[in-house]
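Since the structure comes first, as structure tokens, the remarks are kept for the end.
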Amino acid sequence: MDTKYIRNFSIVAHIDHGKSTLADQLLLLSGAITQREFKEQILDDLDVEKERGITVKARAVTIHYTHEGEVYELNLIDTPGHVDFHYEVSRSLAACEGALLLIDAFQGVQAQSVANAYAAIEADLSIITVVNKIDLPVTRIEEVLEEVETIIGLPPDEALRVSAKQGIGIHDVFKAIIKHIPPPAGLADAPLRALVFDSKYDNYRGVITYIRVKEGTLHKGQTIKFMNDGSKSHVIEVGQFCPKMVSCDSLGPGQVGYIVSGVKTLGDIHVGDTVTLAENPAEKALPGYAKPQQMVFCGMYPIDATDFEKLRDELHKLSLNDASFTFAPESSDALGFGFRCGFLGMLHMEIIQQRLEQEQEIDLIQTAPNVTYELLLTNGQTQLIDNPENVPDAGQIQEFREPIAKTAFIVPGENIGTIMQLCADRRGIYKSTEYLGPLRAQIVYELPLGEIVYDMHDRLKSATRGYGTMDYEIIGFKESDLVKMDILVKGVKVDALATIVHRSEAERRGRSLVKRLKKEISKHQFEIALQAAIGARVIARETLSALRKNVTAKCYGGDITRKRKLWAKQKEGKKRMKQFGQVEIPQKAFLSVLDVA
Ligand code: GTP
């Protein structure tokens, strides 16, 4: 295929600005899908994605479009739109020469529009601004274009105006792609270098590797080599997504498609890796392979210990399709045997939890999430901590470091003060404010990731009545005065409730946490002391008095069905409880750590 007729592009947008709808519309107009399939939103095919309306995994699709008598091969590479998946976004963009920056005609530029546009600029892509949803009864098209110019620096004159939903202006999108995005470079007879930008597990064919050929040609039947670890594999099939998998004989420079080879597990394929040929390999890999770093961890424990193996199988299945999710067995005094699970961020964690709950019937106790910390020990070694339980004695720690995220908020002008207060309360360091127009501003802070992950997003939404958006990027670890806070129930440490907090915040959090626990744990036949402690020093205490009344007493005189209902409800509640010594602690208590941030 002559590269002159190839274009590789992504659509970058803030969540809900219409990326999937536009992608579908492009497929529909080019005849790749039917009207009925259009309605079913084919690019987002995972259930969870549909439910949450978020494109989680990057995908690709090849569209054939005839322009001035020539058939063009347009490869649309889908990018995940959310903060947790920055690395995947950057890899997808590295497979393109251009990007459509899609912006909602009413909502305008939002935090992820800016983050994704910058990522595209960094990847040196040609960017076409597309204002979507021009069919809405109220739009702010001119202002939106001004915002794009002010904050991202793209001129408004060449911007397109479309309605993805109603199919308005879509041919102009095709024309702009062909006109403004450069065709790929690369020689067909050079040693093969192809970028791996995604992979997925298929029950029938095994691992499917998504590639973009940069140079050289890959034929079916050849043996490839992954340059990251030198592993080799026989190519059983190559092909393109149209959008169904269509096999072909070879993929040449600039082309985007897939490889089916002998690779058995998804963990063996690394996004960002370079594929070359085992015979006549390229000398240097393409730039940019980084291992995804799990930044958020939590424990997952089966309530019924006999479910342990079942849970392991379920987690394993999930990891087959998501190499950035990790899990390892761990044990807790309080919760028994379970797993420590690692995620890229909070959203990633929620998605995995949701999948687990949808696909299995195991009752789980899940502990409050924590971020990854770095310790410099007095013996000169550094250690990453993914579980507060593993923090060594204070005497062994020279420096306690926490991850810092550069965080950008886009908020209505009237909410600037509230957001600044919110950040100040969370130990944020102010960086800048920039107005997008008369009504909205971008505020940038450096915030500890641990302070963001709990509830920042919810707080932002409530402070701005849903209008504020945020995006963050981890910029490194920084020393901070952190301590491990233990929780004792009836004099015994409950390891699963331990947290890492800033020393200045410890007392306040300790107090509200024990208060909260008092509410969550029901009364027993005896008095229960709830304490928060740093080392041997107790910093907060509450006492849960002994039970006196019968729970059904308040139904006295009532009919038996009401009592039965109450008992049944209690039984239901018990399922998610864990007996700890003499005390029963409900699932919610393990998450109450979150509510006292
Ligand atoms: P994520 O996958 O969450 O990133 O969202 P997305 O950007 O893919 O957005 P999606 O295509 O799912 O569209 C979000 C919502 O906007 C849906 O309810 C669409 O029907 C609606 N929408 C998309 N394009 C248009 C449009 O041109 N006009 C109107 N009125 N609504 C649109």
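Whatever order the structure lists them in is the order used to number ligands and atoms, beginning at 1.
- Taking any N or O of Val162, backbone or side chain, none lies under 3.5 Å from an N or O belonging to ligand 1.
- Note that the NZ atom of Lys19 and the OG1 atom of Thr21 stand 11.0 Å from one another [nearest 0.5 Å].
- Of all the heavy atoms of Asn132, the ones lying under 4.0 Å from any atom of ligand 1 belong exclusively to the side chain.
- The proximity of Leu136 to ligand 1, defined as any non-hydrogen pair under 4.0 Å, is limited to the side chain.
- Of the candidates Ala23, Ala105, Gly18, Gly18 brings a heavy atom nearest to atom 9 (O) of ligand 1.
- Inclusion of Ser163 in the set of residues having an N or O under 3.5 Å from an N or O of ligand 1 is warranted.
- Contact annotation for Thr21 and ligand 1: heavy atoms of both the backbone and the side chain come within less than 4.0 Å of the ligand.
- Using a 4.0 Å cut-off between a side-chain N of Lys or Arg and a carboxylate O of Asp or Glu, Glu70 and Lys4 do not qualify as a salt bridge.
- Judged as a salt bridge (Lys or Arg N to Asp or Glu O under 4.0 Å), the pairs with a partner in residues 128-140 (not counting sequence neighbours) are, in order, Asp104-Lys133, Arg140-Glu143, Arg140-Glu147.
- Between Ile103 atom CD1 and Thr129 atom OG1 the span is 6.5 Å, to the nearest 0.5 Å.
- Remark: Arg427 engages Glu402 in a salt bridge, criterion side-chain N to carboxylate O under 4.0 Å.
- With a heavy-atom cut-off of 4.0 Å, Ala13 does not touch ligand 1 at all.
- With ligand atoms numbered from 1 in the order given, ligand 1 contributes 3 (O), 4 (O) to contacts under 4.0 Å with heavy atoms of Ile15.
- Under 4.0 Å is where a charged nitrogen must lie from a carboxylate oxygen, and between Glu414 and Arg465 at least one such pair does.
- If you number the atoms of ligand 1 from 1 as listed, the ones under 4.0 Å from a heavy atom of Ser20 come out as 2 (O), 6 (P), 8 (O), 11 (O).
- The side-chain hydrogen bond (donor to acceptor under 3.5 Å, both in side chains) check on Arg161 picks up Glu142, with sequence neighbours excluded.
- Using a 4.0 Å cut-off between heavy atoms, Lys165 contacts ligand 1 through both its backbone and its side chain.
- Atoms of ligand 1 found under 4.0 Å from any heavy atom of Lys19 (numbered from 1 in listed order, with element): 6 (P), 7 (O), 8 (O), 9 (O), 11 (O).
- Checked against Leu22 for a side-chain contact (heavy atoms from CB on, under 4.5 Å), the options Asn132, Leu76, Ile170 give a single hit: Ile170.
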